[in-house]
Asker: 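Here it is: the structure, laid out below.
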Amino acid sequence: MSDISKPDTSMIASVFTGKGLVRDSLVFWAVIAGLAMLGAVLGDSYVRHIFILVFIWCIVIASWDLILGYAGIFNYAQLVFFTFGAYGSAMLSIYAGFTPLLSILSAAAIGAVIGVVIAIPSLRLKGEYVALFTFAVHLALPPLIQQGKAIGMGGNTGLLGIPWLNLFGFQVSSIDKLTWYWVSLFLGALCVWLIYFIVLRGRMGLAFVAMRDADTFAQAIGVNEYKYKLLAFVVSAVFTAVAGGIYAHYTSVVTPKILGTEFFLMAMVMLAIGGMGRFPGAILGVFLVVIGNELLRSFDDYRLLLLGVVVVVTVICLPRGIAGLFERQSKQP
Amino acid sequence: MLEVSNINAFYSDFHVLHDASLKVNKGELVAVVGANGHGKSTLLKAICGLTPVKSGKIRFADHDTTSRRAPHLVSQGLVYVAEDRRLFPDMTVLENLQLGAYLAQARAQEKRNLDHVFSLYPRLAERRHQLCRSLSGGEAQMVALGRGLMSNPTLLAIDEPSLGLAPNLTETMLQTVSQLNRDGLTVLLVEQSLALLKGMIDRVYTIEEGTVSETDTDNMQEVL
Amino acid sequence: MTQMSLTNVTMQFGPFRALTDLSFGIERGEILGVAGPNGAGKSTLMNVCTGGLQATRGSVVFNGQDITGFKRHSRCGLGIAQTFQIPTLLSSVTVGENLLAGQIFGHEVRGAAMDIPLRDILYLTQLEDQLTLPASQADLLTRKRIMLGAALATGPEIIFMDEPLGGLNAQEIVEFLQVIRHVREELGITIVMVEHKTRALAEIADRILIINFGAFVMLDTPGVVLNDDHVVEIYLGKKHDA
Amino acid sequence: ADIISLGAPIPLTGYFAADGVTMEQAITLAVDEINAKGGLLGNEVEVVTFDIGDLTPDKLAAAAANLIERGGVSALINGYGGMGPDIPAFCPYGIPYIHNDAVIGVIDLAERMGCNAIFNASDVDVNYGKSQFDMVLNTGHDFGTKRLAIVHGDFEWDINNAKSMAEAAEAVGWEVVYVQEVPYDTVEWTGIQSQIRAAEPSLIHLEALEPAVATTFLSQYKNNPAGEALLNVGYIGATPGLDDVIVQGQAEGILTFTLNAHQDNEAGNAFVERWKDAYGAEPSVSLAAAVYDMVNMWAAAVKQVGNADDHAAVANAIRDMKYDGLVGKFAFNDRNFIDNGSETQPAQLFQVQNGQRVRLVVGDTRVGDIVKPSWIQ
Amino acid sequence: MTQIFEILLSGITQGAVYCVVAVGLSLVYGASRILNFAHGSLYSLGGFLAWYLVAGGFDLPLWMAVLIILPVLALTGIGIERVIIRPLRGSDNWKINTIMVTLGLAFIIENGLQLVFGPGTRTIAPFVEGTLELGGITLSWYKVWIFAISLMLVGALEYFLGHTRYGQAVRAVSQDMQGANQVGINVNQVFSFTFALSVVLTGIAGILLAPVFLVSPLGGWAPFLKAFVIVVLGGLGSTKGAFVAAFILAVLEAFVIFYIGPSWAMPAWLVMLIVVLMVRPKGLFGVWEN
Ligand SMILES: Nc1ncnc2c1ncn2[C@@H]1O[C@H](COP(=O)(O)OP(=O)(O)OP(=O)(O)O)[C@@H](O)[C@H]1O
Ligand SMILES: Nc1ncnc2c1ncn2[C@@H]1O[C@H](COP(=O)(O)OP(=O)(O)OP(=O)(O)O)[C@@H](O)[C@H]1O
Ligand SMILES: [Mg+2]
Ligand SMILES: [Mg+2]
């Protein structure tokens with residue numbers, strides 16, 4: 001008799017039960033190692049800054065991909081998780097004296113709580129109403145942060161002068177781009193790996209896909225919809241909040257501006273261009289959008305206009321994102 | 001009245017119809033039979049301009065309609081009744097029927113056709129203000145056929161009208177179709193099983209993996 | 001021995017009653033056919049049994065336990081499985097992974113002892129060769145097999161099937177009936193199936209339940225039910241050949 | 001000769017782009033003039049802009065890495081450039097950075113971080129209210145009663161500003177009869193104005209950095225004014241955001257104010273002419289001359305030091321030189337900002353009359369006559 | 001008492017303002033389930049065009065400007081639908097894709113406006129001045145006009161959608177595209193038409209509200225976001241819902257501002273939204289099941 005926690009699944013080889021996990025993980029970490037070395041060689045600190053942002057964004061987008069792309073829940077409150085992570089982590093290190101690394105980790109717990117808080121009403125709603133409700137939460141957050149002035153959230157100015165990262169006794173200032181490059185690369189890679197290789201390739205991932213593809217059928221074969229949808233929110237929020245924490249300590253500032261439209265739009269565009277629910281599409285999307293945005297920088301006030309054009313053209317030509325492009329090619333040998 | 005020659009149809013790169021040909025004369029009731037997934041619905045949709053045709057030719061009422069889309073064909077009297085009914089779920093029965101007479105050509109006959117439908121299906125008259133979302137399978141099928149009739153068709157293409165219907169309703173449904181045919185309507189019908197069609201149909205086409213062949217009248221009894 | 005029993009079950013949708021005071025029992029190991037006119041409440045009845053709907057009044061008891069208010073997945077945990085009229089599958093994964101999902105989540109809600117070996121399921125459903133096929137590319141009959149396979153993989157004691165033969169042609173019906181029969185014979189699973197194909201029902205069912213306007217009409221062997229004058233009048237239209 | 005780069009981290013897109021354009025124009029005008037006169041220490045000066053868009057914190061970090069590390073600029077200049085996030089982004093590099101964020105919290109932060117090369121080239125919010133109030137009294141208007149109502153936005157700048165005015169008013173025997181904080185998207189004022197009317201003020205001060213807040217308040221106020229109370233819209237009235245409204249005659253009678261505009265003198269008027277030649281429109285009274293002065297002040301300091309890249313020396317020179325510009329003297333106090341006053345940068349109070357901003361008071365001198373707004377019968 | 005009445009009245013007139021912005025959004029969502037993120041930018045476009053014709057470049061009277069602008073906006077709407085919405089309709093995740101392209105479009109329009117008209121804030125003079133005394137309450141005629149216009153717009157839309165054949169077709173298309181095709185409705189044409197109509201409505205809102213909210217390249221976001229909450233509360237696809245929700249939220253806002261404080265207006269909206277969605281997961285008048 002098999003043990004209680006694990007049915008005998010050996011008859012069917014599947015990525016959800018570990019097929020190719022070791023091999024794929026090795027490839028993943030090899031790429032990360034390559035990026036780490038690249039960071040040392042690249043030399044220009046502006047480029048490093050851009051990559052630091054890319055790594056932070058990767059966490060946000062991977063978490064968003066988890067809930068939107070894989071679990072099929074139209075959650076648009078991703079930046080709410082991010083904001084709470086950033087504020088939470090900042091406040092813990094400013095007011096409670098946590099060392100930044102610890103407060104970033106604690107941001108995960110804050111994220112979990114916020115995830116539950118947003119999930120509970122959202123789970124009563126269906127389809128696009130989830131999108132609309134969660135986006136409404138996003139919209140209502142800045143005034144709430146303003147009210148949070150009373151508890152030290154700094155109102156519209158935000159929190160300035162958040163302590164820098166302290167790594168084994170070394171202060172890592174935000175102009176120490178190389179160290180930050182490695183720190184954010186490592187944390188980003190870890191989160192992305194956990195999301196795509198552990199969570200999504202396990203039982204949770206299968207449950208998400210099941211609920212997305214055929215929710216009634218999924219329930220009929222024993223998927224506890226409420227539990228797994230709640231988990232989708234929580235896991236997504238946990239990682240996003242960690243990203244927020246890293247962001248706060250890197251820039252050493254959080255302001256409600258991170259809930260502004262441009263930030264939100266950028267995140268959407270990354271997901272769209274990359275392609276949802278198809279690793280590594282979304283991650284590629286982050287790289288492409290951030291780097292593309294930088295390439296457009298020389299156009300100054302034409303930049304956002306051109307970005308808009310790029311987005312429209314990409315979505316029309318590649319409705320499944322970059323990832324869809326690979327799929328089609330691999331199907332036609 | 002309808003002449004389909006050598007049409008090919010695809011879903012992206014999946015070849016569904018292979019050089020399919022068929023012919024329906026005025027006043028006939030012609031059936032297409034075949035196992036599921038072999039392209040019956042695709043054939044009907046292609047004829048009715050709901051799915052594009054890659055090659056081949058379709059002529060309806062002496063015009064080349066190969067590349068014509070459904071709205072035009074409906075105005076010419078070629079009307080499709082889908083197997084999955086395709087009602088407007090958040091509209092009432094009456095609104096669904098009214099929309100059947102959306103085009104000018106049918107609008108003129110709207111009153112008469114509505115009376116006709118209600119006389120065929122008094123149950124619909126009772127439920128005219130119910131939303132179609134909450135209709136049972138049989139009622140929904142009545143609305144679907146009724147809506148097709150409201151379009152004032154000269155050729156009605158009906159896709160598996162008996163799908164999901166109780167035996168008694170299946171019979172009534174097919175009898176209605178047969179009656180309409182006898183009243184002069186040309187009908188192209190898709191069904192899974194010929195047993196139900198005994199004695200109604202003029203000719204039968206069999207479709208197998210997208211290839212259509214006519215079953216001659218002698219063999220027909222056998223197939224039945 | 002009664003495995004599941006419904007007592008005075010009523011299902012109300014706003015002012016409309018889809019089921020009225022319905023009571024009957026399902027015997028362990030039987031194949032129970034459910035039939036009745038369109039809109040009679042058959043699908044509603046299935047949902048009340050499997051947890052898609054919670055009965056407004058009355059009780060549903062399974063193995064001595066009142067499960068009236070249970071959700072679908074909890075009922076799955078008790079051994080109640082179900083297949084749907086329109087087979088919607090986990091379309092973005094493979095056929096094998098569909099079965100795997102049934103096994104994994106069934107195991108999660110049911111516990112270890114209940115597993116039906118995948119080998120048996122594959123044998124019954126004849127899906128061995130198609131395990132790596134993307135589920136989205138499967139044809140209708142295969143999709144029905146997959147759905148049944150996944151339901152079996154949860155290790156059920158009873159399985160509810162809504163119009164399992166819908167859309168199949170004569171040949172396929174014969175094949176699928178064989179599969180259903182095997183499920184009962186070899187795994188001992190009780191089967192409840194809603195079906196309009198009365199000829200097939202007559203062939204396979206031990207008993208047939210007829211409902212009309214949400215109310216109980218009769219429950220008896222196929223021979224009796226399908227020759228009953230009232231049933232013929234409200235449902236069959238004409239006397240069954242058999 | 002070499003090239004000396006001057007970095008301009010300014011908002012060219014997003015909500016602040018209107019002010020960003022003024023900043024860019026002012027910097028460019030100043031630099032062009034320097035180059036036309038043979039450059040700085042014989043070197044050509046080049047402006048490198050970096051769009052900080054919506055001012056999210058990472059944009060300022062990016063500006064720092066881009067302008068300072070990659071672009072190798074010798075100094076950074078903007079208007080109100082980052083409202084806080086600019087300090088941690090630029091401070092660690094020790095490069096001269098001249099701005100006028102004008103929020104006391106930013107000064108505190110810069111001090112806390114020990115940023116000696118960061119200069120806030122104006123006074124700060126906690127003094128704005130007082131100077132405004134003093135000037136309003138200086139108009140010679142007969143207020144009848146001494147009752148002040150304040151409505152302000154929810155930024156720190158607005159809040160401090162309002163507090164400062166309330167204190168100044170109470171210090172001279174006025175009563176603050178109403179204070180209300182409003183979010184920036186407030187456009188319907190019936191409830192608030194009804195409360196204001198009930199409070200019977202003789203002066204209403206509205207401070208929020210968003211044009212629509214001011215214009216909606218005004219248009220609704222005109223319909224049902226609070227007796228004979230005057231309306232002062234603070235700084236927003238001096239910004240380009242209200243230009244169109246003023247030109248179209250929809251802001252008649254309001255008072256507005258700025259700390260560092262060019263003055264109505266020979267140098268100021270010449271500046272206006274040069275600006276018109278360059279850009280075909282009048283310079284804004286809010287930022288144009290101030291930013292223009294910042295560039296020239298920095299250039300003067302570089303000249304004095306003789307080396308644009310000796311950042312500490314240039315910073316010291318800026319601090320000590322009391323540069324005399326179009327907007328007054330840049331006499332920095334020991335916290336690296338400037339106390340306004342007739343001796344340093346005189347604040348200026350305007351009234352909108354006939355579609356134009358007319359100077360009423362400059363520093364403590366009355367220079368124009370107040371006109372009774374139309375809503376006072 | 002007068003005060004309560006005054007606040008109620010201000011809420012109602014403000015409701016009309018919100019309503020004008022929300023109906024276009026609701027219409028296009030109702031007809032094609034496209035959440036148009038460029039709605040705010042199109043609103044700004046309407047305002048800028050009016051400003052350009054009335055004050056910026058020409059000195060046309062407002063009515064003439066409107067006569068010129070409406071067809072321009074309609075063509076813009078048709079163009080947008082043709083070029084960037086239609087190609088997506090077949091793709092499997094088109095709902096998200098349309099959100100993305102309309103976002104991209106928002107970037108294009110608002111930055112385009114900034115490049116053409118400059119980043120500054122503009123305004124146009126209201127077409128009626130003066131006030132109306134009503135039992136001690138002063139009401140601006142302009143607000144009264146907006147109220148009347150919004151009533152008219154919603155009434156006309158409701159009549160159109162509910163009682164004309166073409167309106168029925170619009171609803172039919174939103175419920176089942178293939179079904180609509182089958183009865184002879186030209187689905188593409190209906191989509192173009194509704195998109196154009198929604199752009200026109202939005203543009204009208206931009207013109208009407210220019211004296212209230214002012215016009216600036218990014219100025220459309222604030223009204224759009226409010227309209228967004230309104231449309232959700234009212235229920236997707238229901239113009240009537242948007243109408244009712246606009247008034248409910250505006251009146252709520254007016255009372256919150258007066259009795260609790262302006263900063264609590266948006267949180268109050270959120271609370272209202274949560275409460276309504278918990279009780280009615282489809283919004284007040286939402287029609288869709290999923
Ligand atoms: N929209 C679609 N996209 C891709 N493939 C499709 C689509 N619709 C149908 N197919 C495939 O085309 C083939 C023919 O389908 P069609 O619906 O025409 O068959 P049918 O004979 O009507 O079957 P049934 O008896 O089930 O109605 C099937 O294999 C089906 O899987
Ligand atoms: N959610 C609901 N709201 C209102 N009425 C409903 C709802 N669900 C079902 N009904 C009604 O309940 C009745 C029974 O429906 P049900 O789907 O159970 O019928 P059925 O016996 O399965 O019919 P069929 O054989 O056509 O599938 C129908 O009249 C239907 O309109
Ligand atoms: Mg078919
Ligand atoms: Mg049913």
Side-chain angles (χ1 to χ4, degrees), chain A residues 43-50 52-53 56-57 86 90 139 142-143 145-147 149 154-162 164 173-177 180 247-248 250-266 290 293-294 296-305 307, chain D residues 10-17 20-21 24 49-71 82-94 101 103-106 108-110 112-113 153-160 181 183-185 209:
Chain A
D44 184 334
S45 77
Y46 180 65
V47 172
R48 283 188 199 131
H49 164 80
I50 297 306
I52 293 166
L53 291 184
I56 296 173
W57 274 117
L139 297 183
I145 290 178
Q146 181 58 24
Q147 298 307 316
K149 205 159 52 176
N156 266 322
T157 311
L159 297 169
L160 307 174
I162 300 165
W164 285 326
S173 83
S174 33
I175 67 172
D176 183 354
K177 303 287 184 205
W180 263 110
Y247 179 88
Y250 172 56
T251 57
S252 89
V253 176
V254 262
T255 74
K257 296 229 164 60
I258 54 184
L259 286 159
T261 40
E262 195 183 324
F263 229 49
F264 179 76
L265 304 190
M266 282 293 183
V290 175
N293 190 25
E294 286 311 316
L296 291 177
R297 215 167 244 301
S298 52
F299 294 95
D300 270 350
D301 42 359
Y302 283 83
R303 176 177 59 100
L304 292 178
L305 183 122
L307 190 67
Chain D
I10 49 178
L12 293 172
T13 56
Y15 286 100
F16 310 96
V21 168
E24 185 178 20
T49 56
F50 187 92
D51 178 19
I52 53 173
D54 56 359
L55 314 189
T56 43
D58 61 275
K59 295 241 169 61
L60 290 140
N66 189 302
L67 295 174
I68 302 171
E69 296 209 28
R70 174 181 273 193
M83 302 180 184
D86 47 347
I87 305 303
F90 302 148
C91 175
Y93 295 96
D101 283 337
V103 185
I104 191 68
V106 173
D108 295 341
L109 177 67
R112 222 168 41 237
M113 296 184 68
D154 52 12
F155 277 64
E156 199 183 335
W157 192 87
D158 313 325
I159 296 167
N160 290 337
E181 180 175 309
Y184 268 34
D185 58 356
L209 297 176

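The chains referred to below are lettered A, B, ... by the order of the sequence lines, with proteins before strands, and numbering in each begins at 1.
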Asker: Against chain D, label A:Ile258 side chain, backbone, both or neither, depending on which of its atoms sit under 4.5 Å from a heavy atom there.
Answerer: both
Asker: Less than 4.5 Å to any heavy atom of chain D: does that hold for the side chain of A:Ser45, its backbone, both, or neither?
Answerer: both
Asker: Rounded at 0.5 Å granularity, tell me how far CG in D:Leu109 sits from CG in A:Leu159.
Answerer: 11.5 Å
Asker: Please round to the nearest 0.5 Å and tell me the distance separating atom NZ of D:Lys59 and atom OG1 of A:Thr251.
Answerer: 12.0 Å
Asker: Out of D:Arg112, D:Met113, D:Glu181, which one racks up the most heavy-atom pairs below 4.5 Å with chain A?
Answerer: D:Glu181
Asker: How long is the straight-line distance from OG1 of D:Thr56 back to CE of A:Met266, given to the nearest 0.5 Å?
Answerer: 9.5 Å
Asker: To the nearest 0.5 angstrom, please state how far the CG atom of D:Asp54 sits from the OG1 atom of A:Thr255.
Answerer: 8.5 Å
Asker: Where do D:Glu156 and A:Thr157 come nearest, in terms of heavy atoms and distance?
Answerer: OE1-OG1, 2.8 Å
Asker: Can you list the residues that meet the side-chain hydrogen bond (donor to acceptor under 3.5 Å, both in side chains) rule with D:Asn66, with sequence neighbours excluded?
Answerer: none
Asker: Salt bridge between A:Asp44 and D:Arg70, side-chain N to carboxylate O under 4.0 Å?
Answerer: yes
Asker: Which atom names give the shortest non-hydrogen contact between A:Lys177 and D:Ala65, and what distance separates them?
Answerer: CE-CB, 4.0 Å
Asker: Hey, what do you get for CD (A:Gln147) to CG (D:Asp154), rounding to the nearest 0.5 Å?
Answerer: 8.5 Å
Asker: For chain A, find which of D:Tyr184, D:Phe50, D:Tyr15 contributes the most heavy-atom pairs closer than 4.5 angstrom.
Answerer: D:Phe50
Asker: Ignoring hydrogens and angles, tell me if any N or O in the side chain of A:Gln146 forms a donor-acceptor pair with the backbone of D:Pro183 under 3.5 Å.
Answerer: no
Asker: Pick one of side chain, backbone, both or neither for D:Ile87, based on which atoms fall under 4.5 Å of a heavy atom in chain A.
Answerer: neither
Asker: Below 4.5 Å, heavy-atom pairs only: which of D:Leu12, D:Asp51, D:Val21 has the largest tally toward chain A?
Answerer: D:Asp51
Asker: Is A:Arg48 in contact with chain D via its backbone, its side chain, both, or neither, using a 4.5 Å heavy-atom distance?
Answerer: neither
Asker: Mind checking ring-ring contact (aromatic ring centres under 6.0 Å, His included) for A:Tyr247 and listing every partner two or more places apart, or none if nothing turns up?
Answerer: A:Phe82, A:Phe263
Asker: Nearest 0.5 Å, what's the CG-CD1 distance between D:Asp58 and A:Ile52?
Answerer: 11.0 Å
